[in-house]
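Data first, discussion second: the structure below is written as structure tokens.
All values below come from the heavy atoms of this structure, side chains included, with hydrogens, waters and symmetry mates left out. Residue numbers start at 1 and run along the sequence shown.
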Amino acid sequence: MLKLALPLRLHLSLAIVVGAALLKYHAWLWLAVYGAIALIWARVLRVPIPRLGGLLGTELIFLSLLALPLGWERASFLLVRSLVCLIVMNSFLLTLPPHSFGIALKSLPVPRVLKENLLLAGQYLEILLLEVTRMQRSAQLRGLNGAAGWLRYASAAMIGALYLRSLDRAERVYAAMVTRGYNGQLPIDSPLRPKERFAVLTAWAIAICLTLTSYLQSAVNS
């Protein structure tokens, strides 16, 4: 993995995710461009493919239950777009050192309250990733090896159990944080260096151009 600072990795991931999320509906060409960028990003971070695949399978099962009632044509675009965003953010989260999300979060130019909420959300995502890993290990011990076996194991009931276990553990973690004096702030500052700021601005400029082009092309075609 390249020696990218945590704040820089977070900013670049957000640029890709926000750009893909704001794409015009049915802009498949530009979604494919974002998909290629997401795969390159996962390759750069050297995310563990088995862990990424297992996590994506679980998340897409849950998202498909929400998207399919919208109709196949609309749901297919939403699911592929969600897949691109999930590849990027899961790659970022899976390659984070333990409990380091808050360090990257400090560099975001957002209000303190929002940072606190994002910090807690990041903590809960780390807990969710750990619970998914434990459930995958449990499935392997029951003889469900490979991606197909894991998807059979990740039924609706198991997904519900996963989120309940994650919620229970998250509440215990937050209670422990409050007991140790947590007040929504971290004593660590992590500002971006000039070269990192330039990389972030370049990434946002590319994302804005790709997303706006999807709308302009749609307007020209219509």
**Message:** Hydrophobic clusters here meaning ILVMFWY residues chained together by side-chain heavy-atom distances under 4.5 Å, can you tell me if I208 and V200 are in one?
**Reply:** no
Report whether L94 and L39 are members of the same hydrophobic cluster (ILVMFWY, side-chain heavy atoms less than 4.5 Å apart, transitive linking).
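Yes, because L94 and L39 connect within a single hydrophobic cluster, where side-chain heavy atoms sit under 4.5 Å apart.
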Can you tell me how far apart [atom1] ([X]) and [atom2] ([Y]) are? Round to the nearest 0.5 Å.
{"X": "T211", "Y": "I206", "atom1": "OG1", "atom2": "CD1", "answer": "11.5 Å"}
{"X": "S76", "Y": "L78", "atom1": "OG", "atom2": "CG", "answer": "8.0 Å"}
{"X": "R51", "Y": "L93", "atom1": "CZ", "atom2": "CG", "answer": "10.5 Å"}
{"X": "L86", "Y": "L52", "atom1": "CG", "atom2": "CG", "answer": "9.5 Å"}

Can you tell if the side chain of [X] reaches within under 4.5 Å of the side chain of [Y], non-hydrogen atoms only?
{"X": "S13", "Y": "M89", "answer": "yes"}
{"X": "V47", "Y": "N90", "answer": "no"}
{"X": "I37", "Y": "I40", "answer": "no"}

Could you pull out every donor-acceptor pair under 3.5 Å between side chains of residues 16-32 and any protein atom, sequence neighbours left out?
unit_1, atom_1, unit_2, atom_2, d
Y25, OH, R74, NH2, 3.3
W30, NE1, Q217, OE1, 2.8

Which atom names give the shortest non-hydrogen contact between [X] and [Y], and what distance separates them?
{"X": "I87", "Y": "A42", "result": "CG2-CB, 4.3 Å"}
{"X": "V88", "Y": "A38", "result": "CG2-CB, 3.5 Å"}
{"X": "T95", "Y": "R9", "result": "O-NH2, 2.8 Å"}
{"X": "A207", "Y": "Y34", "result": "O-OH, 2.9 Å"}
{"X": "V84", "Y": "G35", "result": "CG2-CA, 3.8 Å"}

Kindly check if the number of other-residue, nucleotide or ligand heavy atoms within 6.0 Å of CZ (F198) is above 12?
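Counting other residues, nucleotides and ligands, CZ of F198 stays at 12 neighbours or fewer.
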- Query: Is the number of heavy atoms from other residues, nucleotides or ligands under 6.0 Å of R43 CZ greater than 12?
  - Reply: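 Atom CZ in R43 is not packed in, count stays at 12 or less.
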Hits for side chain to side chain contact (heavy atoms under 4.5 Å, CB included) against A15, two or more places apart or cross-chain, chain-then-number order -> A203, W204
